[in-house]
Amino acid sequence: MPNMSKKKQLMPLQEANIRNKNFTEVSLGYRPEQAIEESDRCLQCKNAPCVAGCPVNVQIPEFIKLVKENKFYEGYLKIFETNSLPEVCGRVCPQENQCEKYCVRGKKDEPVAIGRLERFVSDYASQNPQKSENLSAIEPNKGKVAIIGSGPAGVSCAGDLAKMGYEVTIFEAFHTAGGVLMYGIPEFRLPKKIVQNAIDRVVELGVKIEKNMVIGKILSIDELFQEGYQAVFIGTGAGLPVFMNIPGENLNGVMSANEFLTRINLMKAYDPDADTPVKIGKNVAVVGGGNVAMDAARCAIRLGAENVYIVYRRSLDELPARKEEVEHAEEEGIIFKLLTNPKQIIGTDNGWAKAIQCVEMELGEPDSSGRRRPIEKPDSLFEILVETVIISIGTTPNPLIKDTTKQLKFAPKGEIVADEVTGQTSQPGIFAGGDIVTGAATVIQAMGAGKRSAIAIDEYIRSKK
Ligand code: FAD
Ligand code: SF4
Ligand code: SF4
């Protein structure tokens with residue numbers, strides 16, 4: 001008889017008042033006895049609807065059964081068959097909209113904590129490494145493939161092609177590989193050591209990573225083909241920030257969430273001895289309501305800001321960020337200014353931000369997105385005194401590849417047009433996947449796209465022979 005308790009095992013956390021002053025991980029992970037207890041909540045459903053909810057089809061009941069039998073390392077290997085970044089996905093997947101959304105237990109009670117169990121077995125495996133098959137021994141004799149971008153899409157495509165026997169080189173614009181996993185998601189949600197371990201595993205498979213290589217500037221895609229690459233996968237993400245175009249956005253103290261988080265993650269700006277410390281005021285407004293906005297606000301409070309406001313034009317129900325992240329942010333002291341829209345940023349005489357002028361909003365009829373349209377309330381202007389404003393209202397693809405690869409087809413907002421399943425673009429031999437195709441999405445969707453393209457690239461190269 002399975003454990004029929006209604007609720008998931010609680011995730012042990014750092015206390016809110018302590019964690020909001022440090023950058024170490026907020027969630028501490030299940031203890032073995034908790035993992036076994038939680039695994040017993042799984043009904044081992046024959047049709048396992050949870051599996052179809054996972055973009056890479058992790059064999060969920062099988063791995064959970066292994067946890068129940070105390071075979072944690074074997075559980076990790078089961079996940080690793082289809083997911084090359086389980087320690088990352090167990091931490092950042094929006095499970096409530098993916099695997100756990102379809103869990104049968106979730107119909108009446110809380111779903112099985114699939115993500116937390118995935119994290120548990122991955123952490124167990126990295127703390128208790130076992131000798132595994134030496135995959136680097138695979139002779140790369142099937143052909144040469146270039147991957148542009150080392151985010152989850154590029155890394156998973158590269159890893160799978162290397163396992164098939166291809167000679168794979170990743171070209172990465174930054175000096176560090178990992179994409180948003182390294183420069184976007186903060187240390188307290190996804191420790192960088194974990195991401196580095198995952199990158200190291202891909203390098204062990206024989207994948208080369210050429211850093212500081214901006215494709216479109218240093219080399220073009222045409223030049224990659226001239227260098228003998230038989231196929232190219234583009235996984236360059238959607239890292240170009242969108243601004244509001246309101247007065248005052250060019251004042252000192254106003255920046256995009258992308259710049260703020262990159263400086264914190266890659267340049268270690270939270271370390272006072274870092275070369276490029278990030279200067280923030282005592283009062284900070286973060287404009288936007290997604291995961292990126294929550295990350296920026298939670299970084300600001302950790303950097304010592306006294307009042308950090310999330311300024312969002314709709315209500316709590318429409319906040320696009322994960323519920324768990326919103327709860328964690330609230331516990332850490334972030335102040336939510338909902339139904340509030342910025343009109344302008346007001347500056348001092350010497351060009352620094354000193355306040356954000358906003359207007360109150362109310363919700364009208366649903367718009368094309370199905371969400372109720374926010375409408376300005378008349379005569380409701382007010383100011384919030386802030387010295388720092390962080391804009392987090394979305395991102396689009398960087399136009400560099402578009403400007404230098406004329407033969408590719410692009411969507412109006414700059415995404416590459418590619419086949420949903422294979423990632424095949426309008427140009428033979430060029431494949432694309434992840435945020436550069438879908439716009440800003442999720443880690444596991446980008447990984448799934450990279451994996452599917454690896455299969456398509458293999459078929460393409462074999463068909464040419
Ligand atoms: P990216 O991760 O963006 O990687 C693209 C890589 O390509 C980068 O390394 C970039 O430097 C490189 N590149 C770009 N142009 C070039 C070029 N011309 N030449 C060479 N290299 C180039 N998703 C979740 O599932 N859960 C979360 O909790 C979550 N939180 C997030 C928090 C933040 C702050 C952000 C920004 C995103 C978050 N996401 C989250 C979204 C998720 O990280 C992305 O959907 C995912 O990383 C997309 O993967 P990708 O491989 O397509 O692109
Ligand atoms: Fe769920 Fe993500 Fe793991 Fe898939 S990879 S089972 S969606 S947590
Ligand atoms: Fe277990 Fe839920 Fe999947 Fe059923 S749907 S196998 S209960 S995780």
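First listed ligand is number 1; within each ligand, the first listed atom is number 1. Below, all heavy atoms of this structure are taken into account, side chains as well, without hydrogens, waters or symmetry copies.
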Contact region, Pro94 to ligand 1, non-hydrogen atoms below 4.0 Å, reads side chain

Quick note on ligand 2: atoms under 4.0 Å from a heavy atom of Cys93 include exactly 2 (Fe), 5 (S), 7 (S), 8 (S)

Among all protein heavy atoms, pick out the one at the shortest distance from atom 5 (C) of ligand 1; state its residue, atom name and that distance to 0.1 Å.
Gly235 O, 3.3 Å

Tell me, which protein residue and heavy-atom name are nearest atom 3 (Fe) of ligand 3, and how many Å apart are they?
Cys50 SG, 2.4 Å

Which residue owns the protein heavy atom closest to atom 53 (O) of ligand 1, what's the atom, and how far is it?
Gly237 CA, 3.4 Å

Might you work through the salt bridge (Lys or Arg N to Asp or Glu O under 4.0 Å) test for Lys65 and Glu69, ending with a clear yes or no?
CA-CA 6 Å; Lys65 185 162 178 277; Glu69 291 165 358; 3.3 Å; yes

Atom 1 (Fe) of ligand 3 to Cys42: any N/O/S contact under 2.8 Å?
yes

Criterion salt bridge (Lys or Arg N to Asp or Glu O under 4.0 Å) on Glu259 and Arg263, from CA distance to verdict
CA-CA 6 Å; Glu259 178 191 340; Arg263 287 175 65 178; 3.2 Å; yes

Pairing of Glu415 and Lys413 as salt bridge, 4.0 angstrom limit:
no

In plain terms, say whether Glu38 and Arg41 are close enough for a salt bridge, that is, a side-chain N and a carboxylate O under 4.0 Å apart.
yes

Numbering as shown, the atoms of ligand 1 that approach Gly184 to under 4.0 Å (heavy-atom distance):
34 (C)

Atom 18 (N) of ligand 1: the protein heavy-atom neighbour that sits closest, reported with distance to 0.1 Å:
Ile215 O, 2.9 Å

Looking only at heavy atoms, is any part of Met213 under 4.0 Å from ligand 1, and if so is it the side chain, the backbone, or both, or is it neither?
backbone

If we only count N/O pairs under 3.5 Å, is Val92 in contact with ligand 1?
yes

Looking only at N/O atoms, are Ile401 and ligand 1 under 3.5 Å apart anywhere?
no

Closer than 4.0 Å to some heavy atom of Gln98 - which atoms of ligand 2 meet that?
7 (S)

Is the closest N or O pair between Asn291 and ligand 1 shorter than 3.5 Å?
no

Can you name the atoms of ligand 1, numbered from 1 with element, that are less than 4.0 Å from a heavy atom of Gly434?
52 (O)

What are the atoms of ligand 3, with element, lying closer than 4.0 Å to any heavy atom of Cys103?
2 (Fe), 5 (S), 7 (S), 8 (S)

Among all protein non-hydrogen atoms, which one is nearest to atom 29 (C) of ligand 1, and what is the separation to 0.1 Å?
Ile185 CD1, 3.8 Å

Does an N or O anywhere in Asp295 fall below 3.5 Å from an N or O of ligand 1?
no

Quick one: does NZ or CZ of Arg19 land under 6.0 Å from the six-membered ring centre of Phe188, within 45 degrees of the ring axis?
no

Region of Ile148 engaging ligand 1 - heavy atom pairs below 4.0 Å
side chain

Protein heavy-atom partner closest to atom 38 (C) of ligand 1 - residue, atom, separation in Å
Val180 CG1, 4.0 Å

Could you measure the distance from the OG1 atom of Thr395 to the CG atom of Asn258? Nearest 0.5 Å is fine.
7.0 Å

Considering only heavy atoms of Leu261, which atoms of ligand 1 have at least one such atom less than 4.0 Å away?
34 (C)

For Asn258, which part has a heavy atom under 4.0 Å from ligand 1: side chain, backbone, both, or neither?
neither

Counting from 1 in the order shown, the ligand 2 atoms closer than 4.0 Å to a non-hydrogen atom of Cys89 are 5 (S)

Check the pair Tyr312 / Phe336 against ring pair (Phe, Tyr, Trp, His ring centres under 6.0 Å), numbers first and verdict last.
CA-CA 8 Å; Tyr312 179 60; Phe336 283 74; 9.1 Å; no

Students often mix this up, so state it plainly: with edges at 30° and 60°, are the rings of Tyr76 and Tyr73 parallel, tilted or perpendicular?
tilted

Distance-only N or O hit between ligand 1 and Ala441, under 3.5 Å
yes

Would you check whether Arg322 has a nitrogen or oxygen atom less than 3.5 angstrom from a nitrogen or oxygen atom of ligand 1?
no

Using a heavy-atom cut-off of under 4.0 Å, does the side chain or the backbone of Ala446 touch ligand 1, or both, or neither?
side chain

Please report which non-hydrogen protein atom sits nearest to atom 7 (O) of ligand 1, along with the residue it belongs to and the distance in Å to one decimal place.
Gly149 CA, 3.2 Å

For Phe174, the atoms of ligand 1 under 4.0 Å from one of its heavy atoms are 11 (O)

Ligand 3 atoms nearer than 4.0 angstrom to some heavy atom of Cys45 are 4 (Fe), 5 (S), 6 (S), 7 (S)

Side chain to side chain, Phe431 and Gln424, heavy atoms closer than 4.5 Å:
yes

To check your reading of the model: name the closest protein heavy atom to atom 16 (C) of ligand 1, its residue, and the distance in Å.
Thr236 CG2, 3.5 Å

Measuring to atom 1 (Fe) of ligand 2, does Cys99 have an N/O/S atom at a distance below 2.8 Å?
yes

Numbered atoms and elements of ligand 2 in range of Glu118, under 4.0 angstrom, heavy atoms
3 (Fe), 5 (S), 6 (S), 8 (S)

Looking at atom 7 (S) of ligand 3, what's its closest protein heavy atom, distance included?
Leu43 N, 3.2 Å

I'd like to know whether ligand 1 has Ala440 as a neighbour, heavy-atom separation below 4.0 Å.
no

Among all the protein's non-hydrogen atoms, which is closest to atom 5 (S) of ligand 3, and how far away is it?
Val104 N, 3.3 Å

Could you tell me whether some N/O pair between Pro152 and ligand 1 is separated by less than 3.5 angstrom?
yes

Between Ile436 and ligand 1, is there a nitrogen or oxygen pair with a distance under 3.5 Å?
no

Would Ala153 count as being in polar contact with ligand 1, using the rule that some N or O on each side must be under 3.5 angstrom apart?
yes

Pick from Arg91, Glu100, Gln445, Gln95: the one approaching atom 8 (S) of ligand 2 most closely through a non-hydrogen atom:
Gln95

Have a look at ligand 2 and work out which part of Asn83, if any, has a heavy atom under 4.0 Å from it: side chain, backbone, both or neither.
side chain

Geometry only, no angles: is Ala173 polar-contacting ligand 1 at N/O separations under 3.5 Å?
yes

